[in-house]
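Structure first, then comments.
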Amino acid sequence: MSEKKSVFLETHNINNRATGLGTFNYELIKGLNQLSFDNLQIHLNAGKPELLKDEFNDKFKYHKYRSFHRYKPFRPVDKFDLWHSVNQNSKLEPRTNTKYLLTIHDVNFVEEISADMNHKRNRLFLEKLNKATAITYISEFAKKQTHQYFKVPNVPEHIIYNGNPISTLLDTTNFVSNIPVDKPFFYTIGDFIERKNYVSIVNMMKLVKDFNLIISGNNSKKYGGVIRKLIDDNGLQNQVFLTGKVSNEAKQFYMKNCTAFLFPSIREGFGLPPIEAMSFGKPVFLSDKTSLPEIGGDIANYWSDFDPEYMKNILFKGLEHFNDHKNELEPLLKKRAASFDWKIAAAEYLNVYHQILK
């Protein structure tokens, strides 16, 4: 019997599930856990490997990540047949030359930090790019954006869509919201960073009287202050509410009970929340920028600019259309959400591992 090949997944971001990358790492592992890979030994990297071991038992091998591992002299000494850098920002690299798979979620840092190729962030990314045996992207947009800014080596490239993080619909009947839900509301969730463009929907709410807006996510960041000031300056305290970080139960409660899900992000490598909202058959309103049209397809509604009056018109026109065709549209939205599946995504990653290791 041939010896098992070893694959190291650099998944140390897994602890931060509130972020897209933390979700990606966890859901990819969960997807792999549902599959058989008898000829591979897959190693996971985490700050708290015991939590993963409790959940996945002996399906994987586990490594403890410590922050000093990112420095060259302290890189892990173990040798692996394949190193999978599961996102473009990871600072932990293999100690020795090995086959290397790079997964790229986006290269927003070129637009948000610096376009100078000598900038440290771009140099680190170029090093990863140039050692890649193969590259996977989470969307067509991520591939296009990478090729726009970087000279990509001539290696196999694959697009593997993320799955839907909502695999189980929770019973939310006993959930008690700490903010008012007595009025119909729109919902959104995500990191409080400028690219999420919450300013646009708060400004739109000045023109919308019969609905509230609920925004979930870690609002203790600088951008949270910007949004709170905007709410206060416009006297919207009784109409726009920030929940802070929420549990899965709370997130599903707000998604299940909202009138519509709004996601005006201007830069998105993929965008998981709209898929989650579609799981509940909810109409979604997205910006038409970057990867979002790949997510929403022709079943979503799109804003092409962020003028409040225009946004409001698109919103109410879309809601009217949805309400008139609810019986047809709800199942189509759920079907669209179900087409993004982590088990399928994990199988595609496994396939890429086998191709590289052949």
When the ring centroid of Y149 is compared with that of F109, is the distance short of 6.0 Å? no

Please confirm whether W342 and F24 have ring centers closer than 6.0 angstrom.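 Yes.
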
Under the side-chain hydrogen bond (donor to acceptor under 3.5 Å, both in side chains) rule, collect the residues that match up with K91, sequence neighbours excluded. none

Residues that K72 engages under side-chain hydrogen bond (donor to acceptor under 3.5 Å, both in side chains), provided they are two or more places apart: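 Not a single residue meets the side-chain hydrogen bond (donor to acceptor under 3.5 Å, both in side chains) criterion with K72.
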
Does the [X] side chain pair with the main chain of [Y], one donor and one acceptor, at a distance under 3.5 Å?
{"X": "K245", "Y": "G217", "value": "no"}
{"X": "S139", "Y": "A142", "value": "yes"}
{"X": "H105", "Y": "V86", "value": "yes"}
{"X": "H354", "Y": "L350", "value": "yes"}
{"X": "S177", "Y": "I179", "value": "yes"}
{"X": "K289", "Y": "S304", "value": "yes"}

Can you list the residues that meet the side chain to side chain contact (heavy atoms under 4.5 Å, CB included) rule with D305, with sequence neighbours excluded?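 In terms of side chain to side chain contact (heavy atoms under 4.5 Å, CB included), with neighbours along the sequence ignored, D305 is linked to D307, Y310.
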
Determine whether the side chains of [X] and [Y] contain a donor N or O and an acceptor N or O closer than 3.5 Å.
{"X": "S287", "Y": "N197", "value": "no"}
{"X": "Y137", "Y": "Q145", "value": "no"}
{"X": "Y187", "Y": "S216", "value": "yes"}

Candidate pair D171 and T173, rule side chain to side chain donor-acceptor pair (under 3.5 Å), full reasoning: CA-CA 6 Å; D171 176 9; T173 41; 2.6 Å; yes

Thinking salt bridges, do E268 and R195 make one under a 4.0 Å N-O criterion? no

I'd like to know if K317 pairs up with E320 as an ion pair, taking the criterion as any Lys NZ or Arg NE/NH1/NH2 lying under 4.0 Å from an Asp or Glu carboxylate oxygen.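 Result for this pair is no, no salt bridge flagged.
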
Any side-chain heavy-atom pair from V152 and K143 closer than 4.5 angstrom?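 A side-chain contact is absent here, since even the closest heavy-atom pair is not under 4.5 Å.
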
Within 45° cone of F37 ring axis and under 6.0 Å: K59 NZ or CZ: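 Geometry flag: set, cation within 6.0 Å and 45°.
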
Given R70, R75, K131, the one that forms side-chain hydrogen bond (donor to acceptor under 3.5 Å, both in side chains) with E93: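 Checked R70, R75, K131 against E93; only one passes side-chain hydrogen bond (donor to acceptor under 3.5 Å, both in side chains): K131.
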
Give a yes or no on whether V226 and L236 share a hydrophobic cluster (residues Ile, Leu, Val, Met, Phe, Trp, Tyr; joining criterion: side-chain heavy atoms under 4.5 Å apart). yes

Assign the ring pair F192 / Y223 to parallel, tilted or perpendicular, where the plane angle (0 to 90°) is split at 30° and 60°. tilted

